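We count ligands from 1, going down the list as the structure has it; atoms in each ligand are counted the same way. Nothing here was measured: the structure is a model prediction, and the numbers come from that model. Each residue takes its place number in the sequence, starting with 1.
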Amino acid sequence: MTIDKLMFDLEARHPGETEYLQAVKEVLISIEEVYNQHPEFEKAKIIERLVEPDRIFTFRVPWVDDHGEVQVNLGYRIQFNNAIGPYKGGLRFHPSVNLSILKFLGFEQIFKNALTTLPMGGAKGGSDFYIKGKSDAEVMRFCQAFMLELWHNIGPNMDVPAGDIGVGAREVGYLYGMYKKLIREHTGTITGKGLEYGGSLIRPEATGYGGLYFVDRMLHTHGHDIKGKTIAISGFGNVAWGAALKANQMGAKVVTLSGPDGYIYDPDGVSGEKIDYMLELRATGNDEVSPYAEQFGVEFFEGKRPWEQKVDIALPCATQNELDRKDALALIGNNVLCVAEISNMGCTPGAIDLFIEHKILYGPGKAVNAGGVSTSGLEMTQNAMHLSWPATEVDNRLHQIMSNIHDQCVKYGTQPDGYINYMKGANIAGFMKVAHAMMEQGIV
Ligand code: GLU
């Protein structure tokens, strides 16, 4: 494999898809060495097949707003790879959504899902619809119109969507309601469902919980204790909420949260009622964090990112490329111990290079945030068995899965000098599983 040639061809074929090209390049660099030790992979064109989605659906989503006006959004579903299980991955509703972003997310999802050890392929979908400022009735009408197009192409053994940015319990409920009406079956085709109709306990907090279980293992492996550590978190949605809850339970202190408007710094720690407040604020459709500062009398830094604060641990929990080289330099200058992405591709390649160069403990999203989709996998299992497990059962399994992912990263990512390159480890472990599955299934 020659990375330059592969990337050149891919760029020519998909010009301007920067996030997608970024995600592919990161994986190619990590796996180059092992790939070249397997001439059979090259012969079967595993990489050339893996980087192109199996298929992409794009569709128009027309709906009528509360003023009687017709609105038109775009909808997508990318079925990337189903070598190890049904297509699985979330739906993102956000104005930034485009083909490049969904392709990067779908590509990452293949390896993330492979790491979970559960039988799930990779997919992603979504729309440029913006939840902010929409009434409940508008959100419902949009979700129904979206599902009217998508339902033919999903199913419990075919493709199982879930939530992501802008798609939480409410949206999943409306999407599932329409799906069920059209197909006239009650199956586990969407995960992240409400508890009353097939959802799993722990699923809402799973991404954040899983992230903290992973960070705990990282620290422990390097002789540190999470207790008493200070943590900077970005975002304040479902992911940040679960992360803050678990960080508090583990005895750490979360000092920042952020939104598109800036970040807050709370030296006493985001805990107790403040965590509930976050979620309530979010549920109103608001995505700005400044009301927290007013409510609890803490400092608000307009238009800034939390990475300028001195903390032991930095946890990007919002969106892609939210921590760049400049932020990485600030964190390193402040002696950060660990940076772990609970968001997908939270750090830019320049930032990752710096963390690795400075031997900072760096955990990539596809390993650190795999707890969300893992628990979705456990929801699928429960749905298939027509039962629901108690919270402790789900949580124990989640814990076990995260430990296992950590150990796979250590196995494949430990460098000759002893430094654990978690990014390399995660990419190699995920890739090898998918590549072997593809090899055994022939050229399809
Ligand atoms: N959107 C989440 C992710 O990035 C969860 C996907 C799922 O549960 O299928 O992994």
Side-chain angles (χ1 to χ4, degrees), residues 19 23 76-82 84-94 97 101-116 118-127 150 154-169 171-172 175-176 188-194 198-211 214 235 237-243 316-320 322 340-346 363-383 394 397-398 401-402 405 426 430:
E19 294 85 1
Y76 307 84
R77 184 69 179 167
I78 300 179
Q79 296 181 338
F80 225 116
N81 185 295
N82 65 352
I84 62 172
Y87 299 109
K88 179 83 196 89
L91 297 170
R92 178 177 290 193
F93 291 169
H94 193 265
V97 161
I101 288 184
L102 294 181
K103 279 173 71 180
F104 115 66
L105 289 163
F107 185 71
E108 291 268 302
Q109 201 84 42
I110 305 171
F111 307 102
K112 184 196 304 192
N113 294 3
L115 285 170
T116 67
L118 301 172
M120 300 184 289
K124 205 82 190 192
S127 172
L150 191 63
I154 57 176
N157 296 311
M158 190 199 298
D159 183 354
V160 183
D164 194 84
I165 294 172
V167 179
E171 291 73 24
V172 165
L175 289 162
Y176 188 72
T189 299
I190 303 184
T191 60
K193 299 186 289 301
S200 174
L201 285 161
I202 307 289
R203 178 63 190 89
E205 46 280 74
T207 311
Y209 274 27
F214 194 93
N238 248 335
V239 173
W241 166 71
C317 293
T319 192
Q320 67 276 352
E322 52 168 320
E341 299 170 349
I342 312 190
S343 51
N344 287 309
M345 208 166 77
K366 59 171 78 68
V368 179
N369 74 31
V373 75
S374 299
T375 311
S376 276
L378 299 176
E379 183 173 329
M380 288 165 72
T381 310
Q382 293 169 78
N383 291 163
V394 182
R397 285 177 187 266
L398 170 63
I401 290 170
M402 296 314 296
I405 297 176

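- A donor-acceptor pair under 3.5 Å is formed between the side chain of N113 and the backbone N or O of G121.
- Annotation for ligand 1: atoms under 4.0 Å from non-hydrogen atoms of D164 are 1 (N), 2 (C), 4 (O).
- Put simply, the side chain of L105 reaches to within 4.5 Å of the side chain of L102, judged on heavy atoms.
- L175 has its side chain within reach of L91: a pair of non-hydrogen atoms, C-beta onward, lies under 4.5 Å apart.
- With M380 as the fixed residue, the side chain to side chain contact (heavy atoms under 4.5 Å, CB included) test singles out one of L118, T375, T189, V160: V160.
- Contact analysis puts G163 in contact with ligand 1, with a non-hydrogen atom separation below 4.0 angstrom.
- Looking at heavy atoms from C-beta onward, R92 lies in side-chain contact with I101 at the 4.5 angstrom threshold.
- Contact annotation: for R92 versus ligand 1, there are no heavy atoms closer than 4.0 Å.
- Residue K88 has at least one nitrogen or oxygen atom sitting less than 3.5 Å from a nitrogen or oxygen atom of ligand 1, judged on distance alone.
- In terms of protein heavy-atom proximity, atom 6 (C) of ligand 1 is nearest to G90 N, 3.6 Å.
- Close approach to A162 involves these atoms of ligand 1, each under 4.0 Å from a residue heavy atom: 7 (C), 8 (O), 9 (O).
- Nearest to atom 5 (C) of ligand 1 among the protein's heavy atoms is R203 NH2, 3.5 Å.
- Of the protein's heavy atoms, K112 NZ, 2.8 Å lies nearest to atom 10 (O) of ligand 1.
- Under the 4.5 Å side-chain criterion, counting only non-hydrogen atoms from C-beta, N344 is not in contact with Q320.
- With contacts defined as side-chain heavy-atom distances shorter than 4.5 Å, the pair Q109/F80 does not qualify.
- Note on ligand 1: K124 sits in its first shell, one or more heavy atoms being nearer than 4.0 Å.
- Scanning the protein for heavy atoms near atom 8 (O) of ligand 1, the closest one is S376 OG, 2.6 Å.
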